[in-house]
Amino acid sequence: MRARLVRVDAVLVQALIAAALSFAHLHDVAVAAGQDGWKAWAYPVSVDLLLVAAWRRLRSGNGKAAAWCWFVVALVASLGANVATAGLLDLGNVPAWLRILVAGWPAIAFLGGTLLAHASPKTDPDREAIEDQDDEPETTPEPSPQPAIEAPPQHSPVPVPSALVDHARKVAAEHRARTGAPIDTPTLRARLGVPAPMAEAIAAHL
């Protein structure tokens, strides 16, 4: 645990040293370009804030192209100040293009910071569809109407002449007297010589 704390502290110290040196270099370039007082100190703050905003957008995973663009812009401004103060630029005689660049930097930093902070993140359509489905109230599906069950067709009653019914009664009485049992429909049909539907109709009258 102690070794980890030492390692973290070393990284923080290194980061603080690098930030302080870069901050001072940006301040010196701003002063050399004609910015004095609190304005010279505001320039390094704007550069560092733009770096942080671009880095946070890169970490979020949204709008990486714009984030990389503004990250490179802020990094070039920071590295340019560091290189310029290393003796490659005469701070007593700053060229006009650098004065113009320093004077226009606040507008550039404001534009970049605004675009990075207020750009709408991209949304996943599949995820939106899932969320919309979760928000919809659950509804019980209505039962589909069942087809009506048709009743089996009923045979229309077969008309039976009364004379045939009287004859069938005689045949049935003769059968009972001979066998001691009531006559069944197949026997009645055979004795009368009629179709099965008519035999059933005659048996219903007995």
Side-chain angles (χ1 to χ4, degrees), residues 1-5 7-8 11-12 15 46 48-76 107-206:
M1 184 67 179
R2 181 176 299 176
R4 183 179 179 182
L5 289 176
R7 188 163 58 250
V8 172
V11 173
L12 290 177
S46 66
D48 292 342
L49 288 179
L50 186 58
L51 279 172
V52 172
W55 176 248
R56 291 190 62 180
R57 176 53 62 89
L58 287 173
R59 293 288 301 273
S60 68
N62 296 322
K64 286 189 175 182
W68 273 115
C69 177
W70 289 109
F71 185 83
V72 170
V73 170
L75 186 62
V76 168
I108 297 174
F110 177 77
L111 176 62
T114 302
L115 293 177
L116 291 172
H118 298 285
S120 57
K122 294 181 179 179
T123 57
D124 188 359
D126 295 335
R127 186 176 180 181
E128 286 186 350
I130 295 175
E131 291 178 354
D132 293 341
Q133 292 178 358
D134 294 339
D135 294 340
E136 293 180 355
E138 297 182 358
T139 57
T140 304
E142 297 182 358
S144 57
Q146 299 292 334
I149 300 176
E150 296 182 357
Q154 298 180 355
H155 298 288
S156 59
V158 178
V160 181
S162 57
L164 186 58
V165 174
D166 294 338
H167 177 65
R169 286 174 180 167
K170 293 178 181 180
V171 173
E174 181 185 352
H175 180 81
R176 179 182 289 273
R178 187 177 68 253
T179 63
I183 191 170
D184 55 359
T185 302
T187 303
L188 181 63
R189 175 189 175 191
R191 293 288 302 274
L192 297 178
V194 295
M198 182 171 289
E200 293 177 357
I202 294 173
H205 287 80
L206 298 180

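When a residue number appears, it is its place in the shown sequence, counting from 1. A quick note: this is a predicted structure, and the numbers were derived from the prediction, not measured.
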Shortest non-hydrogen contact from Phe71 to Trp55?
-> CD1-N, 4.3 Å

Go through Leu58 and Trp70 one step at a time and tell me if the side-chain contact (heavy atoms from CB on, under 4.5 Å) criterion holds.
-> CA-CA 10 Å; Leu58 287 173; Trp70 289 109; over 6 Å; no

Applying side-chain hydrogen bond (donor to acceptor under 3.5 Å, both in side chains), name anything that partners Thr185, two or more places apart in sequence or on another chain.
-> none

Please name the pair of heavy atoms, one in Ala67 and one in Ala54, separated by the smallest distance, quoted to 0.1 Å.
-> O-CB, 3.5 Å

Pro182 and Arg176: which non-hydrogen atoms are nearest, and at how many Å?
-> CB-NH2, 3.3 Å

Rounded distance (nearest 0.5 Å) linking atom NE2 of His175 with atom CG of Asp184 = 6.0 Å

Leu51 to Leu75 - nearest heavy-atom pair and separation | CD2-N, 3.7 Å

Indicate yes or no for a side-chain donor-acceptor contact from Arg57 to the backbone of Leu116 under 3.5 Å, with no hydrogens or angles considered.
-> yes

Check whether more than 12 heavy atoms from other residues, nucleotides or ligands sit under 6.0 Å from atom CZ of Arg59, and answer yes or no.
-> no

